[in-house]
Protein chains: 2
Amino acid sequence: MDLTRAAAEALDAADPLAAFRDRFAGAGEDGLLYLDGNSLGRMPVETPAALARVVEEEWARGLVRSWSSWVGAATRVGDLLAEGVLGARPGEVLVADSTTVDLYKLLVAAADARPGRDVLVCSADDFPTDRYVVAGVAQARGMTVREVPADADEGLDPAVLATALDERVAVVVLSAVAYRSGALADVAAVTRTAREAGALVVWDLSHAAGAVPVDLAADGVDLAVGCTYKYLNGGPGAPAFLYVRRELQERLRQPIWGWFGQRDQFAMGPAYDPVPGVERFAVGTPPVLALAAVEVGARLVAEAGVDRLAAKGRALGELVVALADAWLAPHGVALASPRDPARRGAHVTLASPSAWQLTQALVDRGVVPDFRTPDRVRLGPAPLYTRFVDVWDAMACLRDVLASGAHEGYPAERSRVT
Amino acid sequence: MDLTRAAAEALDAADPLAAFRDRFAGAGEDGLLYLDGNSLGRMPVETPAALARVVEEEWARGLVRSWSSWVGAATRVGDLLAEGVLGARPGEVLVADSTTVDLYKLLVAAADARPGRDVLVCSADDFPTDRYVVAGVAQARGMTVREVPADADEGLDPAVLATALDERVAVVVLSAVAYRSGALADVAAVTRTAREAGALVVWDLSHAAGAVPVDLAADGVDLAVGCTYKYLNGGPGAPAFLYVRRELQERLRQPIWGWFGQRDQFAMGPAYDPVPGVERFAVGTPPVLALAAVEVGARLVAEAGVDRLAAKGRALGELVVALADAWLAPHGVALASPRDPARRGAHVTLASPSAWQLTQALVDRGVVPDFRTPDRVRLGPAPLYTRFVDVWDAMACLRDVLASGAHEGYPAERSRVT
């Protein structure tokens, strides 16, 4: 690979997604080399107008009369994600609650659907909230958690996972893309293996949706949840999505019985009687303002096309890896993601004992990565708005910091809030 | 009471809260007689700017660096509600999730705190989502639900409730203001009675907060939840609040273990170890955009003062009752709320076999009440922005509709979405 800046510029010139950069506020203007789209995506230029419309027209002027449109927003945006991003069918995706709450709902529903089984499986290296939800549900139900060991850099070995699957396992919770290493799971194979063992899998697509090809129908996925404020650019704390395969919907019942899951909810009937469709996984009143922002972000991803995004994400990642090998390895900074791009999501992680100091030095120089304990720097060049030269410049900055030792002047101790 | 329009004008002229009307978009401009603030409050004029600030400055420009401010938003807005609206102490209120999810969390936590008790108590006339949550939790835990009968107009009789409280009761779920009738519970007395029986009460303050005096500390309340999009004007589907008395916080553990309830969450430690404070009832990433809107609404209510709002709300209700007696009773429309203003929230309900037709006729004439099955029209004149003449005009419109029979031309069958 040609590692000159001119080569990066040539990649940008040939990038079919290059024009999407102008659809995001700040990109190209704020001077930031923002490599944290895997944590919080940038704001689409259209978002303020969409919010203004829902706030100033629908809320302020329409008032309660706007419920005729709001009442379907969670499935309307869900269908957009289903068809444009997730490879699912209409009526299989709902946008509601937080990722954690959605995971809880689907996990309990899945565990209920596997009576007599008393084990929940997760990855020991999975995102904290996923592991905590699993632990909480297990404790409440008197179940056992099997935390499958995962390689910190390479992710979960499917063969190791397979040994954890037996007739006691009710549900497996796994991330399609590991939050720290970026390791990409083989969603279809794992789902098949688990199904053969009689278990259901709840996939967490938080670091996958909008970044790697996701094809829930083709992969035979039963249940999934995911975040909309990362590669889907829905805004900080945007509501999450949940997916339930159509054939499974009527057989599952989630634990939080709320009025938005009720058949003919405004009849306000005496007994809970959930709708047959995916709306039975809804709970309370939908977050109307936030849904408008999610809709904008989801539309942009659908318009760009997940395959093109994934291809660019992989190319950006390959540039990170090549530059890390050439420039950073001599300074003791190691790749902490799968080297094979087919086994990696859209972010690339580096390991260094100085990771926290390096993160601070980069931020001060206009490069925004993120730090993950204990010794990782994550670089998430979101394909919708990150250029190849942005990656080149950011890596050059990191190289220069390492060469000059500029990071050594920063506190080695992480502060409580990062 | 002088029932002339001039008398209503005189009440407005003497209203210490009159100036707040200009703080709401549309009030005084859109010609609507909006009597549905008990369902969805109007939009504060300041809300679009607050949203623009969080979206265009904090998100678009600040990006992940804004987390240093966002991470405390749920408790910052919670403290504002605690001190300005709920009579609670700082550190006792959190704004997170929907009312239904919050009720679920507190109900499960409370049931766990009463081991050996196997009954949940609620009111048979309570809001559907409250009853459904109680039913769902009871079914999951093998508990029994005791639905205490409540008078549809007068609300729950404390003496009837008392007979349902025995050593089997773990938790009681009740609304401080009944959603249909507006009946106001004696929060302190019910809490005391339940405590004497060894039960915890989770209060639903959705129709109370910002409308009637709420004094959680003085009333000895242990647990409460409530909606922010009604009298608190936080916007459609705004996140709810939950309250946990400080002394109880460390003894309770909620069922949805998420990373925002975790001590030192960014350490991403292996085991769930909830923070000691009210944040342990947080679950996922906070809804940052929506919180900004809630903050605006909560500040307005705090600025107006709950006592002044409650006094005006009561006076508006008294005008509704007096006009209903004088003008509507001859047409067979009956008061379906407690007649004693001390036993009533800020909304007043009317009963008529033609309730649905009347609702449609009113909406077509610029009067917005809401309909509640099977035969109720709710009038919720929110004291922050509703004038006495608005009530007078709306009631005159209803009188004229009844007198002319104009409502008889509307469908008698309720549509699915109201």
Side-chain angles (χ1 to χ4, degrees), chain A residues 25-26 30 34 36 39-40 42-43 47-48 51-52 55-56 59-61 63-64 66-68 70-71 97-101 104 128-129 132-133 135-136 140 235-237 239 255-259 262 264 266-269 271-272 283-290 293 368 370 373 416-418, chain B residues 25-26 30 34 36 39-40 42-43 47-48 51-52 55-56 59-61 63-64 66-68 70-71 97-101 104 128-129 132-133 135-136 140 235-237 239 255-259 262 264 266-269 271-272 283-290 293 368 370 373 416-418:
Chain A
D30 59 14
Y34 189 66
D36 213 0
S39 178
L40 175 67
R42 277 192 184 270
M43 187 194 78
T47 302
L51 275 172
V55 169
E56 300 187 47
W59 175 15
R61 279 202 271 281
L63 289 159
V64 288
S66 295
W67 270 112
S68 56
W70 295 338
V71 85
D97 299 314
S98 66
T99 311
T100 310
V101 169
Y104 176 85
T129 218
Y132 302 159
V133 166
I256 314 178
W257 297 4
W259 73 314
Q262 173 78 350
D264 192 13
F266 289 104
M268 304 203 167
Y272 181 67
V283 179
T285 310
V288 172
L289 309 191
V368 184
D370 69 8
T373 57
R416 290 265 152 158
V417 175
T418 64
Chain B
D30 58 15
Y34 189 66
D36 212 1
S39 178
L40 175 67
R42 277 193 185 270
M43 187 194 77
T47 300
L51 274 172
V55 169
E56 301 188 46
W59 174 15
R61 279 203 270 281
L63 290 160
V64 288
S66 296
W67 270 112
S68 56
W70 295 338
V71 85
D97 300 312
S98 67
T99 312
T100 310
V101 169
Y104 176 85
T129 218
Y132 302 159
V133 166
I256 314 178
W257 296 5
W259 73 315
Q262 174 77 353
D264 192 13
F266 289 103
M268 303 205 168
Y272 181 67
V283 178
T285 310
V288 171
L289 309 191
V368 184
D370 67 9
T373 56
R416 289 266 153 158
V417 174
T418 61

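Note on naming: letters A, B, ... go to the chains in the order of the sequence lines (proteins, then strands), and numbering restarts at 1 for each one.
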- Task: Let me know if B/V55 has heavy atoms under 4.5 Å from chain A in its side chain, its backbone, both or neither.
- Result: both
- Query: With respect to chain A, which residue among B/V288, B/D36, B/L289 yields the maximal number of heavy-atom pairs within a distance under 4.5 Å?
  - Reply: B/V288
- Engaged part of A/V133 at the chain B interface, taking heavy atoms whose separation is under 4.5 Å: both
- Applying a strict 4.5 Å limit to non-hydrogen atoms, the region of B/A290 in contact with chain A is neither
- Nearest heavy-atom neighbours spanning B/P48 and A/E56: CB-OE2, 3.5 Å
- Message: So which atom in A/T285 and which in B/G237 form the shortest heavy-atom distance, rounded to 0.1 Å?
- Response: CG2-CA, 3.8 Å
- Query: Where on B/A293 is there a heavy atom nearer than 4.5 Å to chain A: the side chain, the backbone, both, or neither?
  - Reply: side chain
- Message: Please classify the contact of B/P286 with chain A as side chain, backbone, both or neither, using a heavy-atom distance under 4.5 Å.
- Response: backbone
- Item | pair A/V101-B/D97: side-chain heavy atoms closer than 4.5 Å | yes
- Task: Identify which of B/P236, B/G136, B/G269 forms the greatest number of heavy-atom pairs closer than 4.5 Å to chain A.
- Result: B/P236
- Note on the structure: If one checks every heavy atom of A/A52 against chain B at 4.5 Å, the contacting part turns out to be neither
- Message: Quick check for you: among A/L51, A/T100, A/D30, A/T47, which has the greatest number of heavy-atom pairs under 4.5 Å with chain B?
- Response: A/T100
- Message: Heavy-atom pairs under 4.5 Å with chain B - which of A/Y34, A/W70, A/W59 has more of them than the others?
- Response: A/W59
- Counting heavy-atom pairs under 4.5 Å with chain A, the top scorer among B/A25, B/P128, B/S98, B/G26 is B/P128
- Task: Under the side chain to side chain contact (heavy atoms under 4.5 Å, CB included) rule, what do B/V64 and A/D370 come out as? Steps first, then yes or no, please.
- Result: CA-CA 9 Å; B/V64 288; A/D370 69 8; 6.0 Å; no
- Message: So which residue, A/S39, A/A140, A/P239, A/A271, ends up with the most heavy-atom pairs under 4.5 Å with chain B?
- Response: A/A271
- Message: Between A/R61, A/R42, A/Q262, A/M43, who has the most heavy-atom pairs with chain B when the cutoff is under 4.5 Å?
- Response: A/M43
- Message: If we define contacts as heavy-atom pairs under 4.5 Å, which of A/V368, A/T99, A/L63, A/V283 has the most with chain B?
- Response: A/L63
- Heavy-atom contact with chain B under 4.5 Å, split by part of A/T373: side chain
